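Note sheet for the following structure.
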Amino acid sequence: NIEGQVVIRILVGKTGEIEKKKLIHKKHPILNEEALRVVSEIPPSLLTSKEHGRPVKYWVNIPVNFKLKG
């Protein structure tokens, strides 16, 4: 019966790779680990960002929700 939201703050590099990860809202250790694993599997092509046509580094918070079906 473990549910809740884990929020991970990541620093995305200019090529879309995750340079840093930090848990900023933790729940149960199992949920924390799974949220970090899932975020690590996001393809860099989905995270790449540009400003004025140039790739940029940026921070983003990603909420991961865990809800049991019942």
Side-chain angles (χ1 to χ4, degrees):
N1 292 336
I2 304 170
E3 293 184 328
Q5 183 180 72
V6 176
V7 180
I8 302 171
R9 183 170 175 85
I10 62 172
L11 175 61
V12 180
K14 291 181 179 182
T15 60
E17 77 283 357
I18 297 173
E19 294 184 2
K20 293 182 184 178
K21 292 181 281 191
K22 181 179 181 180
L23 287 163
I24 59 171
H25 187 262
K26 300 176 185 178
K27 280 292 183 184
H28 190 279
I30 293 171
L31 300 183
N32 299 339
E33 282 184 40
E34 183 62 9
L36 286 168
R37 184 192 69 77
V38 168
V39 167
S40 295
E41 293 184 7
I42 299 173
S45 61
L46 294 178
L47 296 173
T48 305
S49 185
K50 292 183 179 183
E51 185 175 84
H52 304 293
R54 301 172 76 184
V56 293
K57 231 184 213 194
Y58 65 97
W59 286 97
V60 64
N61 294 342
I62 301 177
V64 181
N65 294 301
F66 294 92
K67 177 87 171 147
L68 292 173
K69 282 189 167 184

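Computed from a predicted model, the values in this text were never measured in an experiment.
Distance check, rounded to the nearest 0.5 Å: OG of S49 to CG of L46 gives 12.5 Å. Between atom CG of residue N32 and atom NE2 of residue H25 there is a gap of 10.0 Å, rounded to the nearest 0.5 Å. The CD atom of E17 lies 8.0 Å from the OG1 atom of T48; values are rounded to the nearest 0.5 Å.
Closest heavy-atom contact between I18 and V39: CD1-O, 3.4 Å. Closest non-hydrogen pair, S40 versus K21, comes out as OG-NZ, 2.6 Å. Between E3 and K27, the shortest heavy-atom contact is O-CD, 4.3 Å.
There is a path of hydrophobic side-chain contacts, each under 4.5 Å, that joins I30 to I8.
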When the side chains of residues 57-65 are checked against the rest of the protein, which donor-acceptor pairs come out under 3.5 Å, sequence neighbours left out?
residue : atom : partner : partner atom : Å
K57     : NZ   : E19     : OE1          : 3.0
Y58     : OH   : L47     : O            : 2.4
N61     : OD1  : R9      : NH1          : 3.2
N65     : OD1  : Q5      : NE2          : 2.8

message: One pair to check against side-chain contact (heavy atoms from CB on, under 4.5 Å): V6 and F66. What are the steps and the verdict?
response: CA-CA 8 Å; V6 176; F66 294 92; 4.1 Å; yes

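Salt-bridge annotation for R37 and E33: absent, with no side-chain N of the basic residue lying under 4.0 Å from a carboxylate O of the acidic one.
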